[in-house]
S.K.: 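Got a structure for you, written out below as structure tokens; questions coming shortly.
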2 protein chains.
Amino acid sequence: MEAVPSSLQAEIQQTTPFRSLSEEAILSILRTADLVRTAITDLLAPAGITMQQYNVLRILRGAGEAGLPTLAIGDRMIESAPGITRLLDRMEAKSWVSRTRCKIDRRVVHARISTEGLRLLDNLDQPLRSSTALGLSGMEESALGQLIQLLAAARQSIQPGEPAAPRQTAKDEEFASKARN
Amino acid sequence: MEAVPSSLQAEIQQTTPFRSLSEEAILSILRTADLVRTAITDLLAPAGITMQQYNVLRILRGAGEAGLPTLAIGDRMIESAPGITRLLDRMEAKSWVSRTRCKIDRRVVHARISTEGLRLLDNLDQPLRSSTALGLSGMEESALGQLIQLLAAARQSIQPGEPAAPRQTAKDEEFASKARN
DNA sequence: CATCAATAGTTGACATGACAATCATTGTCT
DNA sequence: AGACAATGATTGTCATGTCAACTATTGATG
């Protein structure tokens, strides 16, 4: 990163009565994420599905016929296992997924997306994927690129000495995941 | 797979086969926010206080002796009223706040921060304010400035035609708020 | 003054999220 | 084999967040 003319900084300082840029950045991140979250939630609501459920569906679609063990889903969403179990409970009740106990290792339970689940996803993919609905379409590509990089830097900065759990390779199916520790 | 990442962008592309920059940006925002959230949560946990509760305390500290009506708190956190009621229930149980019914308008209930609440805040302010603990201290000032601006742009882009509820002027006491609408 | 809409809070019901504890199975070690 | 630690899921409990419905007041209106 090259040094930026202090004019920009002055400008910012002027308009932000925050203790520090760092704190303002934190606030900005939280606020923006909440906006995004509610935007997505609102988009999904008509279909009667929550963000987390949608997330699981996408993960399961990516997993294919074989399905995925409960904990594996939890890993991808980096959410605690108990949550997944209950999430799947509700999704199974809506027939979006089915669960079967593994015959090889009877401790494992595989969850698979159902035809209905796939249909639901197909209907939802477009509106969400075309980020038009989600906004951000108004931003320039270069700005988005910068934003992405800066956020990556922020995450780096937040997670300093952590043993760095094997960074999950964000596959195609994931939509949003949670941070841990 | 051995595509030697010459540029940063290539590096990112390599690990993130996202449909669009926009979507990747959204994911980045969500992930980063969650990281921040858990970082803050972890910082507060030892004191036995949650982020929301800490938030309310700061708002109440800002409100001073007079206290603040329940719904007013909700407005500042842009959180639904029911949540505030129960949040205050728990906080009152811990004697961090007290509530009194307004004599002029008996529908209103004022919440005030207690001495204990103030003491708690004093103990927590430093570690949180010195964003050292929270990370982001590793980022350059200029990068933080850029990040803040880009996030602001993103929020603009997300909330397009909304009637734009009167933007709350982020006062001193607020720490984090939620998005609404 | 009696009725009623609006306002401020609260309660009820349900979905998450996080932690601790528990159950069933596997794998290991002796 | 028999005891036990480790693993995969699930259940219990508590804090939140959201929506709908309800209570208590206030204020406005005829």
Side-chain angles (χ1 to χ4, degrees), chain A residues 30 33-34 37-38 40-42 44-56 67-75 77-94 96-97 99-111 176-181, chain B residues 30 33-35 37-42 44-56 67-75 77-94 96-97 99-111 176-181:
Chain A
L30 290 175
D34 277 326
R37 219 182 299 274
T38 56
I40 296 178
T41 299
D42 289 352
L44 294 176
I49 188 174
T50 67
M51 211 172 126
Q52 295 306 317
Q53 293 173 342
Y54 174 70
N55 217 337
V56 169
L68 220 54
T70 303
L71 290 193
I73 299 175
D75 282 347
M77 303 183 53
I78 320 204
E79 181 183 324
S80 57
I84 302 298
T85 293
R86 283 185 268 250
L87 206 53
L88 288 177
D89 286 345
R90 289 182 283 266
M91 294 179 70
E92 192 174 31
K94 295 190 179 184
W96 291 335
V97 305
R99 283 187 284 187
T100 41
R101 191 160 286 274
C102 176
K103 281 160 192 159
I104 301 150
D105 186 338
R106 296 176 47 70
R107 289 171 301 184
V108 178
V109 171
H110 286 282
S177 41
K178 243 207 59 186
R180 218 291 159 335
N181 183 319
Chain B
L30 290 175
D34 277 326
L35 257 189
R37 218 182 300 275
T38 56
I40 296 177
T41 299
D42 289 353
L44 294 176
I49 187 174
T50 68
M51 212 172 125
Q52 295 307 316
Q53 293 172 342
Y54 174 71
N55 217 337
V56 169
L68 220 53
T70 304
L71 291 194
I73 300 175
D75 282 347
M77 302 184 53
I78 320 205
E79 180 181 325
S80 58
I84 302 299
T85 293
R86 282 185 269 250
L87 206 55
L88 288 178
D89 286 345
R90 288 182 283 265
M91 294 179 71
E92 191 174 30
K94 296 190 179 184
W96 292 334
V97 305
R99 282 187 285 189
T100 41
R101 190 160 288 274
C102 176
K103 282 161 192 158
I104 301 150
D105 185 339
R106 296 177 45 69
R107 290 171 301 183
V108 178
V109 172
H110 287 281
S177 40
K178 244 207 59 187
R180 220 292 165 323
N181 184 330

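Reminder, nothing fancy here: chain letters follow the sequence lines and each chain counts from 1. Note that the coordinates shown come from a computational prediction; the quantities given were computed from them, not determined experimentally.
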S.K.: Quick one: Asn55(A) CG to dA15(C) P, roughly how many Å, whole number?
M.R.: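 So the two atoms are 18 Å apart, to the nearest Å.
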
S.K.: Could you please name the option among dT16(D), dT10(D), dC19(D) that lies closest to any side-chain atom of Pro82(B)?
M.R.: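 So the side chain of Pro82(B) is nearest to dC19(D).
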
S.K.: Report yes if some heavy atom in the side chain of Val109(B) is under 4.5 Å from a heavy atom in the side chain of Leu88(B); otherwise report no.
M.R.: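 No; the side chains remain at least 4.5 Å from each other.
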
S.K.: Between atom CZ in Arg37(B) and atom P in dA15(D), what is the gap in whole Å?
M.R.: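 Taking CZ of Arg37(B) and P of dA15(D), I get 19 Å after rounding.
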
S.K.: Using whole Å, report how far CG of Leu30(A) lies from P of dG17(D).
M.R.: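 Distance check: Leu30(A) CG to dG17(D) P gives 13 Å.
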
S.K.: Could you tell me how far apart Met91(B) (CE) and dA15(D) (P) are, to the nearest whole angstrom?
M.R.: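 Checked: the CE to P distance equals 13 Å.
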
S.K.: Please check the phosphate of dT16(D) (OP1 and OP2 only) for any side-chain N or O of Thr50(B) closer than 4.0 Å.
M.R.: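 Answer yes for this pair, as a side-chain N or O of Thr50(B) is under 4.0 Å from OP1 or OP2.
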
S.K.: I want to check one thing: is the phosphate of dT11(D), taken as OP1 and OP2, less than 4.0 Å away from some side-chain N or O of Thr85(A)?
M.R.: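 Indeed not, no polar side-chain atom of Thr85(A) lies that close.
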
S.K.: Specify the residue among Lys103(A) and Gly83(A) whose closest nucleotide of DNA chain C lies further upstream toward the 5′ end.
M.R.: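 The residue whose closest nucleotide sits nearer the 5' end is Gly83(A).
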
S.K.: Taking CG from Leu71(A) and P from dT10(D), how many angstroms apart are they, rounded to a whole number?
M.R.: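 Rounding to the nearest Å, CG of Leu71(A) and P of dT10(D) are 8 Å apart.
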
S.K.: Grab the two heavy atoms, one from Gly48(B) and one from Gln53(B), that are nearest each other, plus how far apart they are.
M.R.: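 Nearest pair, atom of Gly48(B) first, then Gln53(B): O-OE1, 4.2 Å.
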
S.K.: Taking Arg37(B) first and then Asp34(B), would you say they form a salt bridge - that is, a charged N and a carboxylate O separated by under 4.0 Å?
M.R.: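 Here Arg37(B) pairs with Asp34(B) in a salt bridge, since their nearest N and O are under 4.0 Å apart.
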
S.K.: Are any of the side-chain heavy atoms of Leu87(A) and Ile73(A) separated by less than 4.5 Å?
M.R.: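 Answer no - side chains too far apart.
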
S.K.: Rounded to the Å, how far apart are His110(A) NE2 and dT25(C) P?
M.R.: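 From His110(A) NE2 to dT25(C) P: 15 Å.
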
S.K.: So does Arg106(B) get a side-chain nitrogen or oxygen closer than 4.0 Å to the phosphate oxygens (OP1/OP2) of dT25(D)?
M.R.: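 So the side-chain polar atoms of Arg106(B) do come within 4.0 Å of the phosphate oxygens OP1 or OP2 of dT25(D), strictly under.
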
S.K.: Ignoring hydrogens and angles, does a donor from either the side chain of Arg86(B) or the base of dT18(D) sit under 3.5 Å from an acceptor on the other?
M.R.: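 Pair found.
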
S.K.: Is the base of dG9(C) touched by the side chain of Arg101(B) through a donor-acceptor pair closer than 3.5 angstrom?
M.R.: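 Not at all, since no donor on one side and acceptor on the other fall under 3.5 Å apart.
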
S.K.: Report yes if a donor N or O on one partner sits less than 3.5 Å from an acceptor N or O on the other, where the partners are the side chain of Arg99(A) and the base of dT10(D); otherwise report no.
M.R.: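 Result: no qualifying N/O pair found.
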
S.K.: Report which part of the nucleic acid Ile84(A) touches: base, sugar-phosphate, or nothing (heavy-atom distance under 4.0 Å, all strands).
M.R.: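 It contacts nothing in the nucleic acid.
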
S.K.: So Ile49(A), base contact, sugar-phosphate only, or nothing? Heavy-atom distance under 4.0 Å.
M.R.: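 No contact.
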
S.K.: Would Asp89(A) and Arg99(A) count as a side-chain contact (heavy atoms from CB on, under 4.5 Å) if you check the C-alpha gap in whole Å, the side-chain angles of each, and the deciding distance to 0.1 Å?
M.R.: CA-CA 9 Å; Asp89(A) 286 345; Arg99(A) 283 187 284 187; 2.4 Å; yes

S.K.: To the nearest Å, how far apart are Arg107(A) CZ and dG27(C) P?
M.R.: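 It works out to 6 Å between those atoms.
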
S.K.: For dA15(C), does either OP1 or OP2 sit under 4.0 Å from a side-chain N or O belonging to Gln52(A)?
M.R.: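 For Gln52(A), the contact criterion (side-chain N or O under 4.0 Å from OP1 or OP2 of dA15(C)) is not met.
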
S.K.: Taking only the side-chain heavy atoms of Asp105(B) (C-beta and beyond), determine which of dG9(C), dT16(C), dT25(D) contains the nearest atom.
M.R.: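 When the side chain of Asp105(B) is considered, dT25(D) is the closest of dG9(C), dT16(C), dT25(D).
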
S.K.: I need the Gln52(A) CD to Arg86(A) CZ distance, nearest 0.5 Å.
M.R.: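 Answer for the CD-CZ pair, Gln52(A) versus Arg86(A), is 14.0 Å.
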
S.K.: Take atom CD of Glu92(A) and atom P of dA9(D), then tell me their distance rounded to the nearest Å.
M.R.: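 Distance check: Glu92(A) CD to dA9(D) P gives 14 Å.
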
S.K.: Taking OP1 and OP2 of dT18(D), is either one under 4.0 Å from a side-chain nitrogen or oxygen of Ser80(B)?
M.R.: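 For dT18(D), OP1 or OP2 has a side-chain N or O of Ser80(B) closer than 4.0 Å.
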
